[in-house]
Amino acid sequence: MSEFLKILREIEAKWQREWYERKIFEPAIDDERAKFFITVPYPYVSGPPHIGHGRTFTVADIIARFKRMLGYNVLYPIAWHITGTPIQAVADLISRGDPDTIRRYREYVMLYVSDPKEVDKILEEFKDGWKIALFFAKAYERDFKSIGLSMDFSRQFTTGDSDYNAFIIWQYQKLRKKGYITRGKHVVLYAPAEGHAVGEHDIKGGDEIEVRIQEFTLIKFKLVDSNEYIVAATLRPETIFGVTNIWVRPDATYVKATVNGETWIISKDCAWKLQYQDKEVKVLEELKGESLIGKMAIAPLVDREVPILPAFFVDPEVGTGIVFSVPAHAPYDYAALIDLKRNIDLLRKYNIEHIVQKIEPISIIESNLGTQPAVDIVQKMRIMNQLDDKLNDATKTVYQVEFYTGKMRDNTPLSGLSVQEAREKVKEMLRSINMLDVMYEVEPKGVVTRSGNRIIAAVIKDQWFIDYRDPEWKQRALKLVNEIMKIVPEKYRQQFNATIQWLELRPCARRRGIGTRLPWDPEWIIESLSDSTIYMAFYTIVKKLRQSGISQKLSELVKKVYEGSEDALAVIEKFFDYIFLGEGNVEEVSKLLECDKNIIEDIRREFLYWYPVDLRHSGIDLIPSHLTFFIMHHTAIFPEQHWPRAISLNENVIREGRKMSKTLGNVLEIARLPREYSADLFRLYVASSADLESILDWRESEVQKIASQLERFWKVCNTILELGPPMEEYTFERLHILSKKLISIVNMMIVRGKEHLENFRIREYVVDVFFNLLNEVEEYINVYKICNINIDEVRYTLNYVIERWIRMLQPVIPHICEEIWHRMGKMTYISCEFWPSPGPLSWEIINAFEILERTLEDVKSIIKSREEPPKRIYIYVGPSSELYDIVNMLIEMLEKGMDMRTIMRELSKDEKYRPIMNKISDLLRKIINGMIPRIRTFKDIEYEVFKNCEKYMSYRLGGVEVIVQDAERPTYDPVGKAKQALPGRPAIYVEW
RNA sequence: GCGGGGGUGCCCGAGCCUGGCCAAAGGGGGCGGGUUGAGGUCCCGCUGGCGUAGGCCUGCGUGGGUUCAAAUCCCACCCCCCGCACCA
């Protein structure tokens with residue numbers, strides 16, 4: 001087994017070398033041929049590719065190779081995505097000497113470089129993000145070649161290249177001029193110590209915990225006899241009507257600060273955070289929580305004076321560090337109130353005994369939990385004090401139940417409203433009297449960056465957005481999805497529709513990372529999902545851009561744009577306007593770029609030839625993001641004839657039933673495939689073990705099974721090669737019935753396999769063309785001697801088969817097929833061959849063999865019903881051919897959708913059938929209940945097949961003698977079975 | 001919560017759109033046999049229950065319904081998975 005894989009790997013390396021050296025997958029435009037432009041989203045090259053990438057790119061490759069076989073001029077290009085922050089973040093961490101990151105990247109590099117000194121050197125270079133990107137771009141190329149992808153590697157670029165920047169600049173100018181770019185406030189996760197917004201990859205444990213931003217309502221309580229406000233934070237503003245007091249933590253540090261011109265009392269931590277949330281904050285003085293205790297403040301809306309009291313559950317790092325207390329509805333508040341009432345020392349210390357003792361919960365909401373949920377739940381859960389952990393759950397329960405089922409009671413001005421409605425209403429009311437503000441908090445508490453710095457919520461006030469809300473734009477996108485584009489598997493279409501409807505504002509630029517700068521505001525870098533929407537157009541021209549030297553010119557222009565040059569920007573716009581939209585005129589453009597106008601025309605032709613994208617293939621995870629942007633932006637920028645034509649998708653890859661992840665350490669990199677497995681083995685596994693819409697589970701034991709199937713195929717092919725070519729040609733008619741069958745099946749597969757692939761049914765295609773055909777061929781080789789088929793005829797048949805078979809399999813297992821092709825003495829590359837055209841195909845024979853299979857099943861079922869082995873088996877084929885004709889006619893009528901009654905009525909009109917209507921209704925019933933198979937068959941063929949397969953059937957039945965007779969003239973029929981024979985259902989007599 | 005997709009025999013998984021050839025493809029596992037010095041590989045057969053002739057019964061998340069006929073259509077319920085944004 002492993003011996004076979006070794007041979008296979010050598011074969012694979014050999015043909016890969018040839019294919020890529022000879023550049024056979026680098027097409028040029030050719031007006032004589034139809035083109036097929038297929039793309040997969042370029043990968044983000046921050047690490048090595050794994051079998052998840054492998055699956056997606058292999059599926060696309062199978063389609064690409066297939067389309068090539070159909071005669072299309074196929075372009076399957078690749079490029080590398082480096083835009084954004086993750087690569088930058090890795091470089092930063094390596095620079096800082098982060099041990100985890102360095103260990104991980106050392107392992108990555110060692111997949112490609114064995115010399116440890118070399119590895120060290122490379123890791124040293126990884127302090128520069130660009131070096132990381134370039135290293136892994138190379139790694140991807142190498143890995144993609146190692147699984148035999150028929151890609152055009154000559155059009156590679158990275159999204160950091162300056163000609164690409166120019167292209168993106170053009171795109172964003174277009175979007176802006178169309179009014180799709182806006183600016184506004186935006187809340188993000190932010191690390192003040194590092195001075196930038198953070199993404200998931202920046203957060204320690206970010207791939208495991210779900211970090212989100214929560215909006216707190218701030219309610220201002222005016223201190224009695226003062227202009228100062230004590231500001232409480234809450235998620236439940238509607239409970240203000242039940243307020244009894246305010247909690248502060250006596251030992252925490254608070255500040256008096258001016259916030260946007262008012263004087264607020266809030267926690268010191270809060271004051272610090274607020275300055276990142278678009279607020280003008282100036283701290284006037286610090287004070288201890290203690291010093292506030294006993295003071296009175298006025299609750300807005302209810303206009304009640306409430307006291308400020310001490311509580312220890314209050315966290316100065318959450319919200320403002322000040323809580324207004326609603327003991328009827330907030331378990332924490334109730335628990336704290338009980339604690340305080342019991343704590344005589346504390347009451348005396350602050351001299352608040354008299355006020356505290358008369359505080360009672362005020363119920364303002366009625367819900368499924370009653371009117372005093374906090375009181376009830378604290379008692380029911382036996383919560384001991386305000387620091388009890390169970391309070392968290394209690395709070396969650398009350399919050400949820402009241403949110404969904406709560407109604408405001410009539411002691412509030414919002415009597416009868418649901419809690420949801422009341423919440424909004426209260427906010428409005430507070431806002432109108434200027435007693436409301438908001439702040440944002442990170443949930444859960446305590447998340448830090450990979451470097452250990454605190455993460456808070458920050459408001460960016462001048463964020464650039466793409467505004468997807470324009471209904472007319474959405475309409476165009478919906479038209480593309482629903483009326484123009486093919487989506488495979490069909491079931492994902494709904495998700496595109498849903499995503500388009502739901503899209504609103506998307507921040508499209510950041511201040512950090514690699515990428516293209518906004519031409520009108522170069523402080524901002526266009527974010528990675530926003531710069532990768534229509535770049536397939538760039539593939540069509542990048543080669544010419546570079547050959548012609550225009551890339552250099554664009555590069556200089558980009559530099560000038562960043563420096564603020566309007567002229568340079570205009571040149572970029574005019575150039576791409578002409579290339580992609582045919583706007584403007586060549587003379588002007590060529591003059592501006594100082595180049596021959598033929599070059600410009602040439603580039604324009606490239607685009608016109610290749611565009612639109614015929615198929616974009618991707619993993620399903622990109623549906624709600626990139627693929628929808630891909631759709632939206634195409635409809636924004638290009639005219640309808642350049643809109644993409646189809647999207648195909650595949651599910652994810654898991655391994656041994658579990659998700660692949662860095663934390664589990666179970667990621668299988670493509671780099672390991674050619675060492676531990678083989679390219680064709682991988683491809684066959686990917687194609688055969690799950691259809692597109694199913695998760696593919698990479699299971700070692702299954703992979704080994706597929707490996708042995710591949711070896712079986714290899715052996716069969718070599719057996720055929722060893723038999724050599726036939727001495728003479730054979731017409732179909734001359735052949736033995738088994739040869740006819742095999743050739744018919746191959747020709748059937750040529751038709752059916754093509755249909756499967758045209759409809760992306762890759763798995764079914766492999767099942768048919770690889771597995772089923774393999775069974776057929778092997779069976780033929782096993783029985784040709786038993787059935788006395790002339791050896792030269794066998795050679796002819798098998799050569800006929802293999803020559804077509806390996807061409808059909810080329811899209812999935814190109815290397816092994818290429819090898820066999822050449823061993824057959826062919827000089828061309830099978831990778832560039834055509835799909836075979838179908839030859840002679842006898843459905844009658846295929847059908848008769850199906851009947852034979854069914855008959856064998858029946859015989860086995862009969863044999864099974866007795867202990868002792870049978871002596872002899874008699875098979876009586878067919879009644880008169882007239883009955884066959886009738887049955888065939890009935891089957892046809894049924895297939896047309898006619899029911900029994902209609903058929904009978906129809907036939908009884910005919911003189912010919914009237915006398916035998918009884919017989920006909922009997923046959924019809926037997927067809928309907930399945931006794932007679934719905935397979936078109938004829939007496940003579942059925943008989944011929946059975947008669948010629950006596951030995952074959954005997955072999956299949958473990959050696960029992962089989963005798964086939966014509967049911968109309970049996971020579972031996974002791975119990976009168978022969979007369980039971982029906983079309984497609986020979987009679988059986990087993991002699992014991 | 002909002003949006004999308006699913007629940008099939010011991011397991012994985014087809015089929016359901018276009019109802020009947022569906023006891024339900026194909027694997028895997030298990031059992032039996034062959035090959036082998038033994039083991040593995042490989043090959044053949046069996047693998048819901050009953051039945052001494054190709055048959056019958058039960059059956060495709062649960063409960064109803066439509067139909068001569070339902071895994072397939074309709075309704076209700078239960079359960080599971082995925083996405084929810086500035087992140088590639």
Side-chain angles (χ1 to χ4, degrees), chain A residues 1 41 43-46 81-87 186-189 197-203 206 212 400 403-404 460 463 465-466 489-499 501-510 527-530 532 620-626 651-652 657 688-691 693-695 697 699 701-702 704-706 708-709 711-712 715 763-764 767 771-772 778 782 854-855 857-868 870 891 894 897 899-901 927-935 955-958 975 977 980 984-990 992:
Chain A
M1 227 301 286
Y44 187 75
V45 287
S46 60
H81 201 196
I82 68 172
T83 307
T85 50
I87 289 178
H186 183 54
V187 190
V188 296
L189 295 173
V198 296
E200 191 193 283
H201 58 272
D202 294 313
I203 299 170
R212 55 198 188 100
Q400 273 193 8
F403 184 75
Y404 293 116
I460 297 176
Q463 173 68 49
F465 297 96
I466 297 176
E490 184 58 44
K491 73 174 185 188
Y492 296 118
R493 190 185 298 274
Q494 263 324 92
Q495 254 184 81
F496 282 106
N497 277 305
T499 310
Q501 316 267 21
W502 160 88
L503 275 179
E504 289 190 356
L505 286 171
R506 181 185 171 83
C508 63
R510 314 187 65 183
E527 169 276 338
S528 62
L529 284 180
S530 306
S532 56
I620 54 164
D621 45 331
L622 295 183
I623 295 173
S625 55
H626 165 260
E651 254 282 4
N652 286 329
S688 69
S689 45
D691 49 32
E693 57 199 288
S694 302
I695 293 172
D697 193 355
R699 299 179 121 135
S701 60
E702 298 290 312
Q704 293 313 321
K705 298 264 157 43
I706 294 295
S708 62
Q709 297 300 306
E711 183 173 14
R712 221 177 115 203
K715 281 184 177 155
R763 184 166 177 263
E764 281 177 73
V767 167
F771 292 101
N772 292 344
E778 237 179 13
N782 285 339
R854 289 167 161 265
T855 307
E857 286 302 312
D858 285 346
V859 172
K860 282 181 201 165
S861 160
I862 295 167
I863 292 173
K864 214 175 60 176
S865 68
R866 282 203 205 177
E867 292 287 320
E868 77 242 68
I891 291 172
L894 283 169
D899 65 7
M900 186 151 174
R901 219 171 303 153
I927 296 169
I928 288 173
N929 71 25
M931 196 168 178
I932 296 175
R934 291 191 198 187
I935 299 172
Y955 160 82
R956 289 284 302 273
L957 292 168
V975 294
K977 280 276 174 190
Q980 289 178 12
R985 189 182 156 102
I988 300 163
Y989 172 62
V990 179
W992 308 88

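In what follows, chains are A, B, ... by sequence order, proteins preceding strands, each numbered from 1.
Among the protein residues, A:T83 comes within range of the sugar-phosphate backbone only, with heavy atoms under 4.0 Å from sugar or phosphate atoms but none that close to a base. Across all strands shown, A:L505 has heavy atoms under 4.0 Å from base atoms, whether or not it also approaches the sugar-phosphate. Note on A:R985: a base of the nucleic acid sits closer than 4.0 angstrom, heavy atoms only. Within 4.0 Å (heavy atoms only), A:D697 reaches no atom of the nucleic acid at all. The residue A:Y989 sits close to a base: some heavy atom pair falls under 4.0 Å. Counting any heavy atom pair closer than 4.0 Å across all strands shown, A:V198 reaches sugar-phosphate atoms only and no base atom. As judged by a 4.0 angstrom heavy-atom cut-off over every strand, A:P986 is placed among the base-contacting residues. Heavy atoms of A:S625 sit under 4.0 angstrom from at least one base atom. When heavy atoms are screened at a 4.0 angstrom cut-off, A:E504 is found touching base atoms of the nucleic acid. Using a 4.0 Å heavy-atom criterion, one finds that A:E778 contacts no nucleic acid atom at all. Within 4.0 Å (heavy atoms only), A:H626 reaches no atom of the nucleic acid at all.
A distance of about 9 Å separates the C1' atoms of B:U67 and B:G19, rounded to the whole Å. Comparing the P positions of B:A23 and B:G55 gives a spacing of 10 Å, expressed to the nearest Å. The gap from the C1' atom of B:A71 to that of B:U58 amounts to 15 Å, rounded to the nearest Å. Spacing of P atoms, B:G34 relative to B:G39, comes out at 12 Å, to the nearest Å. For the P atoms, the distance from B:C17 to B:C12 is 24 Å, rounded to whole Å. Comparing B:G61 with B:U72, their P atoms sit 8 Å apart, to the nearest whole Å. For the C1' atoms, the distance from B:A38 to B:G28 is 26 Å, rounded to whole Å. The gap from the P atom of B:G15 to that of B:C82 amounts to 22 Å, rounded to the nearest Å.
One finds the CD1 atom of A:I620 at 10.0 Å from the CD atom of A:E693 (value rounded to the nearest 0.5 Å). If you take CD1 on A:I706 and CZ on A:F771, they are separated by 4.0 Å, rounding to the nearest 0.5 Å. The distance from atom CG of A:L622 to atom CG of A:L529, rounded to the nearest 0.5 Å, is 8.0 Å. Note: A:T85 OG1 to A:D202 CG = 5.5 Å, rounded to the nearest 0.5 Å. From A:K860, atom NZ reaches atom CZ of A:R956 across 5.5 Å, with rounding to the nearest 0.5 Å.
One finds a side-chain N or O of A:S694 lying less than 4.0 angstrom from the OP1 or OP2 phosphate oxygen of B:A14.
Among the nucleotides B:G54, B:C42, B:C87, the one closest to the side chain of A:P86 is B:C87. Closest to the side chain of A:Q494, from the set B:G5, B:A14, B:A85, is B:G5. Here B:C84 is the nucleotide among B:C84, B:G83, B:G54 with the atom lying nearest to any side-chain atom of A:W502. The listed nucleotides are B:A14, B:G54, B:A85; the one nearest the side chain of A:L503 is B:A85.
Pair check for B:G83 finds B:C2; Watson-Crick or G-U wobble, both atom distances under 3.5 Å. In this structure, B:U52 forms no base pair with any nucleotide, since neither Watson-Crick nor G-U wobble geometry is met with both distances under 3.5 Å. In this structure B:U41 sits in no base pair that meets the Watson-Crick or G-U test at under 3.5 Å. B:A70 makes up no base pair with any nucleotide shown, lacking Watson-Crick or G-U wobble contacts both under 3.5 Å. In this structure, B:C22 makes no Watson-Crick or G-U wobble pair, since no nucleotide meets both defining distances under 3.5 angstrom. The base-pairing partner of B:C16, taking Watson-Crick or G-U wobble contacts with both distances under 3.5 Å, does not exist among the strands shown. Across all strands shown, nothing is found opposite B:U35 as a Watson-Crick or G-U wobble partner with both distances under 3.5 Å.
Spacing between atom NZ of A:K491 and atom P of B:G83 amounts to 14 Å, rounded to whole angstrom units. Look at CD1 on A:I695: it is 12 Å from C1' on B:C80, rounded to the nearest Å. Atom CZ in A:R699 sits roughly 11 Å away from atom C1' in B:G13 (whole-Å rounding). In this structure, A:Q980 atom CD and B:G54 atom P are separated by 9 Å, rounded to whole Å. Between A:I862 atom CD1 and B:G51 atom P there is a gap of 18 Å when expressed in whole angstrom units. In this structure, the CD1 atom of A:I935 is 16 Å from the C1' atom of B:G20, given to the nearest Å. Rounded to whole angstrom, the span from the NZ atom of A:K860 across to the C1' atom of B:U47 amounts to 14 Å. The separation between A:I623 atom CD1 and B:C84 atom P is 12 Å, rounded to whole Å.
Position along RNA chain B of the nearest nucleotide to A:V975 versus A:T499 favours A:T499 as the more 5'-ward residue. The 5' end of RNA chain B is approached more closely, in terms of each residue's nearest nucleotide, by A:A498 than by the other of A:A498 and A:T855.
With salt bridges taken as basic N to acidic carboxylate O contacts below 4.0 Å, none links A:K705 and A:E702.
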Would you please test A:E527 and A:T83 for side chain to side chain contact (heavy atoms under 4.5 Å, CB included) and show each step?
CA-CA 7 Å; A:E527 169 276 338; A:T83 307; over 6 Å; no

Stepwise salt bridge (charged side-chain N to carboxylate O under 4.0 Å, His left out) check, A:E490 with A:R493
CA-CA 6 Å; A:E490 184 58 44; A:R493 190 185 298 274; 2.6 Å; yes

Run the side chain to side chain contact (heavy atoms under 4.5 Å, CB included) check on A:S532 and A:H81 step by step: do they pass?
CA-CA 8 Å; A:S532 56; A:H81 201 196; 4.1 Å; yes

List every contact pair, protein side and nucleotides 23-34 of chain B side both N or O, where the distance is under 3.5 Å.
unit_1 : atom_1 : unit_2 : atom_2 : d
B:G29  : OP1    : A:K705 : NZ     : 3.4

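By the salt bridge (Lys or Arg N to Asp or Glu O under 4.0 Å) test, A:R763 is found to be paired with no residue, residues two or more places apart in sequence or in another chain being considered.
Judged by distance alone, the side chain of A:Q463 and the main-chain N or O of A:R506 form no donor-acceptor pair under 3.5 Å.
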